[in-house]
*Asks:* 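Shown below is the structure under consideration.
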Amino acid sequence: MRQFLAAALVAAMTTAAHAQVSDDVVRIGVLTDLSSWGRDNSGPGSVEAAKMAVEEFGPTVLGKPIEIISADHQMKTDVGVQVVRGWFDNGKVDAVVDIPNSGIAIAVHNMVRERNKIALLSGPGASSLTDELCSPNTVHFAYDTYALSKVTASAVIKEGGKSWFFVTADYAFGQQLEKDATRFINEMGGKVLGSVKHPTNTADFSSFALQAQSSKADVVAFANAGQDTDNSIKQSGEFGLVQGGQKLVGLLMFDTDVHAIGLNAAQGTYMTTASYWNMDEKTRAWSKKFYARANVMPTMIQTGVYGSVLHYLKAIQAAGTDDPKAVMAKMRELPIEDTFVHGGKLREDGRVIRDMYLAKVKKPSESKEPWDYLDIVKTVKGEDAYRPVSESKCPLLKK
């Protein structure tokens, strides 16, 4: 009889725990770019990274299955919003992941707050997401314009790059990146001589390269992403900017960009990254598994998708429920530990505080194997890379 009662109690407790998972499935939607200029840096690789996180965690959480679905936002805000609305209204999606393109991310970030869901962002860079626009339902996992600008600009100015000219993508991310970089350039005694805006997915950068060249700035900084970065750096090289003594800086560059540009054109370029595949034995092992599935080495967006999904699942397990408020509380409480992040912390404003890395693209003669593109010049502690609480406009940090 006692054994029967004990078994019944265990069964009841198990049923109660299972009941804490809404709709009996933890469903995660990867909203990414599968067809436009950000595809290589996120895209199918982000979907695979999310699946790898589930495989590492286990097929279930609190006894319930974990499902990964995905959709292409096509770099269009209306498309992205429509997809997520459908996911929430009809698809029973609990969390939205990735979202390269800051304009789309901001729109979804606002919807997530209204619908009491969770956004795990590794694709967008706009630092406003955890500043004046901060939300208790958003995690900004991989990088932002504040950290990219601060780490890169500080290094280049110390090397003598005092005067700057920007070639900037004309949308929220590019504008925020130029704004943040300008601040650090001015604070360190540098000067911005000018800038030019370009539409996204531009093929011909010749006029922009010529304007940058005629500025005679020490540094030409590209505040753009994806194929726009690739094309702008390639064409600037063709117009002889580097031969003329100007430094080229990619304020947001990925391993995939270096791969597309080639070491001959990209060598010597400074960039800041939240992860690199070739850091240690564990990152190499994980990245080789990823490569077998995606045919590229992972970018910091893709490792961010992996890390954010893994941390989310750990938080559900620890909370005993997938209720967004309880899960977000556990995500802030638990240290962030995965293959690429050690001792990370989720702040109240949604910003993940993690180490960032200043890297320099190798010369062709220095590369020892395929995808061996970067020298890690400096590790910058998260506390030094990201916006300090004292500067934040986020009301969640004022409590």
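Heavy-atom basis, side chains included; hydrogens, waters and symmetry copies ignored. The residues of the chain are indexed from 1 along the displayed sequence.
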*Asks:* Ignoring hydrogens and geometry beyond distance, is a side-chain donor-acceptor pair present between T202 and D228 at under 3.5 Å?
*Replies:* no
*Asks:* Taking all non-hydrogen atoms of both residues, which atom of G161 and which atom of I157 are closest, and how far apart?
*Replies:*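 Heavy-atom minimum between the residues: O-CG1, 3.4 Å.
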*Asks:* Does a donor on one side chain sit under 3.5 Å from an acceptor on the other, for D322 and S22?
*Replies:* yes
*Asks:* Of the non-hydrogen atoms in V112 and A119, which two are nearest, and what is the gap between them?
*Replies:*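 The pair with the smallest heavy-atom distance is CG1-N, 3.7 Å.
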*Asks:* For a quick check under 3.5 Å, do E178 and S195 share a side-chain donor-acceptor pair by atom type?
*Replies:*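 Yes, S195 and E178 have a side-chain donor paired with an acceptor closer than 3.5 Å.
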*Asks:* Applying a strict under-4.5 Å side-chain criterion to I, L, V, M, F, W and Y, I'd like to know whether L263 and F254 cluster together.
*Replies:* no
*Asks:* So, D180 and S127: side-chain donor and acceptor under 3.5 Å apart, yes or no?
*Replies:* yes
*Asks:* Going by disulfide bond (SG atoms under 2.5 Å apart), name the pairs with one or both residues in residues 148-180, residues two or more places apart or in two chains.
*Replies:* none
*Asks:* Not counting sequence neighbours, which residues clear side chain to side chain contact (heavy atoms under 4.5 Å, CB included) with T379? List them please.
*Replies:*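 By the side chain to side chain contact (heavy atoms under 4.5 Å, CB included) rule, T379 matches D355, Y357.
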*Asks:* Listed by chain and number, what are the ring pair (Phe, Tyr, Trp, His ring centres under 6.0 Å) partners of Y386, not counting sequence neighbours?
*Replies:*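 Y386 satisfies ring pair (Phe, Tyr, Trp, His ring centres under 6.0 Å) with no residue once adjacent residues are dropped.
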*Asks:* Could you see if L148 belongs to whatever hydrophobic cluster contains V151? Use Ile, Leu, Val, Met, Phe, Trp, Tyr and a side-chain cutoff under 4.5 Å.
*Replies:* yes
*Asks:* Under a 4.0 Å N-O cut-off, is there an ion pair linking E281 with R284?
*Replies:*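 R284 and E281: not salt-bridged.
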*Asks:* Any donor and acceptor pair, going by atom type alone, linking the side chain of D23 with main-chain N or O of V25 inside 3.5 Å?
*Replies:* no
*Asks:* Can a donor-acceptor pair be found, under 3.5 Å and without considering hydrogens, that links the side chain of S102 to the backbone of A172?
*Replies:*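 No: the side chain of S102 does not pair with the backbone of A172.
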*Asks:* Under the ring pair (Phe, Tyr, Trp, His ring centres under 6.0 Å) test, which residues partner F290, sequence neighbours left out?
*Replies:*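 So F290 forms a ring pair (Phe, Tyr, Trp, His ring centres under 6.0 Å) with W286.
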*Asks:* So, applying side-chain contact (heavy atoms from CB on, under 4.5 Å) with Y306, which one of V341, T339, V97 is it?
*Replies:* T339
*Asks:* Can you list every pair that meets salt bridge (Lys or Arg N to Asp or Glu O under 4.0 Å) and has a residue in residues 124-143, with sequence neighbours left out?
*Replies:*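 Every pair satisfying salt bridge (Lys or Arg N to Asp or Glu O under 4.0 Å) with a residue in residues 124-143: D131-R387.
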*Asks:* Take atom NZ in K179; do more than 12 heavy atoms of anything else shown fall under 6.0 Å from it?
*Replies:* no
*Asks:* Any salt bridge between E369 and K288, counting N to O under 4.0 Å?
*Replies:* no
*Asks:* Membership question, hydrophobic clusters at under 4.5 Å side-chain separation (ILVMFWY): are V258 and V249 in the same one?
*Replies:* no
*Asks:* Would you list the pairs meeting disulfide bond (SG atoms under 2.5 Å apart) in which at least one residue belongs to residues 82-184, sequence neighbours left out?
*Replies:*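 As it turns out, the disulfide bond (SG atoms under 2.5 Å apart) pairs with a partner in residues 82-184, which skip direct neighbours, are C134-C394.
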*Asks:* Hey, can you pull the donor-acceptor pairs under 3.5 Å for the side chains in residues 311-319, sequence neighbours left out?
*Replies:*
residue : atom : partner : partner atom : Å
H311    : NE2  : M331    : O            : 2.9
K314    : NZ   : E337    : O            : 2.9

*Asks:* May I ask you to list the residues sharing a hydrophobic cluster with L193, side-chain cutoff 4.5 Å, ordered by chain and number?
*Replies:* none
*Asks:* Can any side-chain N or O of E391 pair as donor or acceptor with the backbone N or O of P388 at less than 3.5 Å?
*Replies:* no
*Asks:* Do side-chain atoms of S36 reach the backbone of M75 as a donor and acceptor pair under 3.5 angstrom?
*Replies:* no
*Asks:* Please check: side-chain N/O of D372 versus main-chain N/O of S367, any donor-acceptor pairing under 3.5 Å?
*Replies:*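 Such a contact is absent between D372 side chain and S367 backbone.
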*Asks:* Answer yes or no: is there a donor N or O on one side and an acceptor on the other, between the side chain of D218 and the main chain of S163, under 3.5 Å?
*Replies:* yes
*Asks:* Is there a donor-acceptor contact under 3.5 Å from the side chain of E366 to the main chain of V361?
*Replies:* no
*Asks:* Among residues at least two apart in sequence or on other chains, which ones pass ring pair (Phe, Tyr, Trp, His ring centres under 6.0 Å) with F184?
*Replies:* Y146
*Asks:* What pairs meet the side-chain hydrogen bond (donor to acceptor under 3.5 Å, both in side chains) rule with one or both residues in residues 103-119, with sequence neighbours excluded?
*Replies:*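 For residues 103-119, and leaving out neighbouring residues, the side-chain hydrogen bond (donor to acceptor under 3.5 Å, both in side chains) pairs sorted by first residue read D89-R115, H109-T138, N110-R113, N116-N137.
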*Asks:* To the nearest 0.5 Å, how far apart are CG in L346 and OG in S308?
*Replies:*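 One finds 11.0 Å between CG of L346 and OG of S308.
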*Asks:* Does anything in residues 69-79 form a side-chain hydrogen bond (donor to acceptor under 3.5 Å, both in side chains)? List the pairs, not counting sequence neighbours.
*Replies:* S35-D72
*Asks:* Is there a path of hydrophobic side-chain contacts, each under 4.5 Å between heavy atoms of I, L, V, M, F, W or Y residues, that connects V108 with V30?
*Replies:* no
*Asks:* Taking salt bridge (Lys or Arg N to Asp or Glu O under 4.0 Å) as the cut-off, I'd like each qualifying pair that reaches into residues 235-259, sequence neighbours left out, listed once.
*Replies:* E159-K247
*Asks:* When rounded to the nearest 0.5 angstrom, what is the spacing between CG in L120 and CG in L31?
*Replies:*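 Rounded to the nearest 0.5 Å, the CG-CG separation comes to 12.5 Å.
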*Asks:* Identify whether I185 and V156 are in the same connected component of the hydrophobic contact network (ILVMFWY, side-chain heavy atoms under 4.5 Å).
*Replies:*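 Result: yes, single cluster for both.
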*Asks:* Do T152 and T272 have side-chain N/O donor and acceptor atoms under 3.5 Å apart?
*Replies:* yes
*Asks:* Using modelled atom types and a 3.5 Å cut-off, is there a donor and acceptor pairing between side-chain atoms of E48 and backbone atoms of A294?
*Replies:* no
*Asks:* Do K289 and E55 meet the salt-bridge criterion of a basic N to acidic O distance under 4.0 Å?
*Replies:*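 Salt bridge absent between E55 and K289.
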*Asks:* Hey, are D375 and K360 close enough for a salt bridge, meaning a charged N less than 4.0 Å from a carboxylate O?
*Replies:* no
